Amino acid sequence: MSAVSDRLPTFPWDKLEPYKKTAAAHADGIVDLSVGTPVDPVPELIQKALIAAADSPGYPTVWGTPELRDAITRWVEHRLGARGVTHRHVLPVVGSKELVAWLPTQLGLGPGDKVAFPRLAYPTYEVGARLARAEHVAYDDPTELDPAGLKLLWLNSPSNPTGRVLSQEELTRIVAWAREHGVLVLSDECYIELGWEADPVSVLHPDVNGGSYDGIVAVHSLSKRSNLAGYRAAFLAGDPAVLGPLLQIRKHGGMMTSAPTQAAVVAALGDDEHVRVQRERYAARRAVLREALLAHGFRIEHSEASLYLWATRDESCWDTVAHLADRGILVAPGDFYGPAGDTFVRVALTATDDRIRTAAHRLTP
């Protein structure tokens, strides 16, 4: 076991514990804006679907019920503009983090293979490469990478942590380059419903992929759009030549989404209204926090989408974390997401309206 754990970096969130204690000691309590975990209720129609499916004594299937696959294919076409999506083009997964961490292993990657991800990125992309004993490389522009040995290219738009959105033109150029060099593209689009100053586009859109899903797979999650982080509900959509073998591997591994969760996902994907309501909540919180941070002397870069504000005071991110912790506010240091983030902090919008207002008040000059 130690041989596996030795491949991994120190779990980053453990480093934040002393600052969390400082923030928690504030007279009016902590405002935790560090982890992007939803705090609002699971919509009632989703809870009802889960409860109705609670009597599920048998094993679920890895591929999911036909109703689940129907719901995913309909949503991908309705929301993302994809065309010609069938059950062969979709695959439910047990939360997107599990998928990201184990995908290189399930694809059979190993020593000599390379996994690439953005310079500022979700740490689990690197973890997945390390678990598979593959090499990992960070990029600014993926088309400038050496394609030799590059087997898996992660895109992330909207970005965690920066909120940057790749334009349709950028995505089209990257997909064309990857296909030219035989590189599989995995596009992490888990924040695609949360565009504020930009309208995120999926790699599944025909204007990006030319009407073909060859060599591309998109990752989607219901954690943020539907407050289902506790349900572990996500799915893949794209190239059947990739998803077919993955389905077989995941059958052997018993990677099954629970039957009640599958029913809840059907309900969630079939309803747009709860997504609209949740977006409005986050938009209001974003406006309050953004104004307060700017008034406090921060500069905000990108952040045109997703659940975070990417903010800096042009100092060490840990100095900023300490500064805010003294005010009872906990944020994530930018270097969690790569050395390029060492002067930034990631400020999550995932706190109640009351706690967001409290944070804004504490930032008032």
Side-chain angles (χ1 to χ4, degrees), residues 69-91 93 96 99-100 103 116-118 121-122 125 139-145 147 150-160 162-222 224-225 234-244 246 269-270 272 275-276 279 302-307:
R69 283 176 262 141
D70 283 342
I72 295 172
T73 57
R74 281 196 300 267
W75 184 85
V76 166
E77 293 197 341
H78 162 69
R79 177 60 185 85
L80 306 182
R83 296 290 178 266
V85 180
T86 71
H87 287 194
R88 294 174 56 248
H89 293 90
V90 301
L91 178 62
V93 295
S96 57
L99 183 280
V100 173
L103 182 65
F117 45 79
Y122 185 45
Y125 302 136
Y139 65 77
D140 293 309
D141 179 345
T143 65
E144 295 177 358
L145 291 167
L150 180 59
K151 298 297 178 64
L152 176 59
L153 172 63
W154 281 106
L155 304 181
N156 181 207
S157 176
S159 163
N160 174 15
T162 69
R164 182 188 173 203
V165 172
L166 295 175
S167 69
Q168 178 181 304
E169 292 73 23
E170 288 176 292
L171 288 171
T172 302
R173 176 175 60 85
I174 293 166
V175 167
W177 178 88
R179 284 174 168 168
E180 178 184 352
H181 296 286
V183 178
L184 175 62
V185 172
L186 259 290
S187 182
D188 180 345
E189 301 174 354
C190 290
Y191 295 90
I192 203 163
E193 299 271 26
L194 298 166
W196 312 117
E197 295 156 2
D199 187 13
V201 179
S202 172
V203 294
L204 301 178
H205 196 285
D207 288 348
V208 171
N209 60 43
S212 167
Y213 301 115
D214 291 350
I216 58 171
V217 175
V219 185
H220 286 272
S221 167
L222 286 88
K224 308 303 193 293
R225 73 184 292 279
F235 60 88
L236 304 178
D239 191 345
V242 176
L243 300 188
L246 273 181
L269 291 179
D272 292 333
V275 180
R276 184 192 66 78
R279 273 181 53 86
H302 296 301
S303 307
E304 60 259 34
S306 83
L307 278 182

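Hydrogens, waters and symmetry mates play no part in the numbers below; they use all other heavy atoms, side chains included. The structure displayed is predicted, hence computed values, not measured ones.
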From E180 atom CD to T143 atom OG1, the distance as rounded to the nearest 0.5 Å: 10.5 Å

Side-chain touch H87/I72, heavy atoms, less than 4.5 angstrom: no

Rounded distance [0.5 Å steps], OG in S157 versus CD1 in I192: 7.0 Å

Check: L204 main-chain N/O paired with N209 side-chain donor or acceptor under 3.5 Å: yes

Shortest non-hydrogen separation from A234 to S96 and the atoms involved: CB-N, 3.5 Å

Separation between CG of N160 and CG of D188, rounded to the nearest 0.5 Å: 8.0 Å

Closest non-hydrogen atom pair, L150 against L145: CD2-CD1, 3.9 Å

Aromatic ring pairing H181/W177, orientation class (parallel under 30°, perpendicular over 60°, tilted between): tilted

Within-4.5 Å side-chain heavy-atom neighbours: Y213 and I216: yes

Within-4.5 Å side-chain heavy-atom neighbours: L80 and W75: yes

Closest heavy-atom pair and its distance - V208, Q168: CG2-CG, 4.0 Å

Plane angle bin for F235 and H220 - parallel if under 30°, tilted between 30 and 60°, otherwise perpendicular: parallel

Which atom of R83 lies closest to which atom of P206, heavy atoms considered: CG-CG, 4.3 Å

Non-hydrogen side-chain atoms of L194 and R279 separated by less than 4.5 Å: yes

Salt bridge (Lys or Arg N to Asp or Glu O under 4.0 Å) partner of E193, chosen from R276, K224, R225: R225

Gap separating the CG atom of L269 from the CZ atom of R74, nearest 0.5 angstrom: 9.0 Å

salt_bridge(E170, R164) N-O dist < 4.0 Å: yes

Pair T86-H89, side-chain donor/acceptor within less than 3.5 Å: yes

Crowding at CZ, R88 (>12 non-hydrogen neighbours, <6.0 Å): no

Sub-4.5 Å side-chain heavy-atom contact between W154 and V219: yes

Side chain N156, main chain S159, donor-acceptor under 3.5 Å: no

Smallest separation among heavy atoms of V85 and E77, with atom names: N-OE2, 2.9 Å

T172 vs H205 side-chain heavy atoms within contact, under 4.5 Å: no

Nearest-0.5 Å distance that lies between atom CG in L171 and atom CG in D207: 11.5 Å

Donor-acceptor contact below 3.5 Å, side chain E189 vs main chain P200: no

Nearest non-hydrogen partners of A305 and W196, listed with the distance: CA-CD1, 3.6 Å

Point-to-point distance, once rounded to the nearest 0.5 Å, from CG of L155 to CG of L166: 6.5 Å

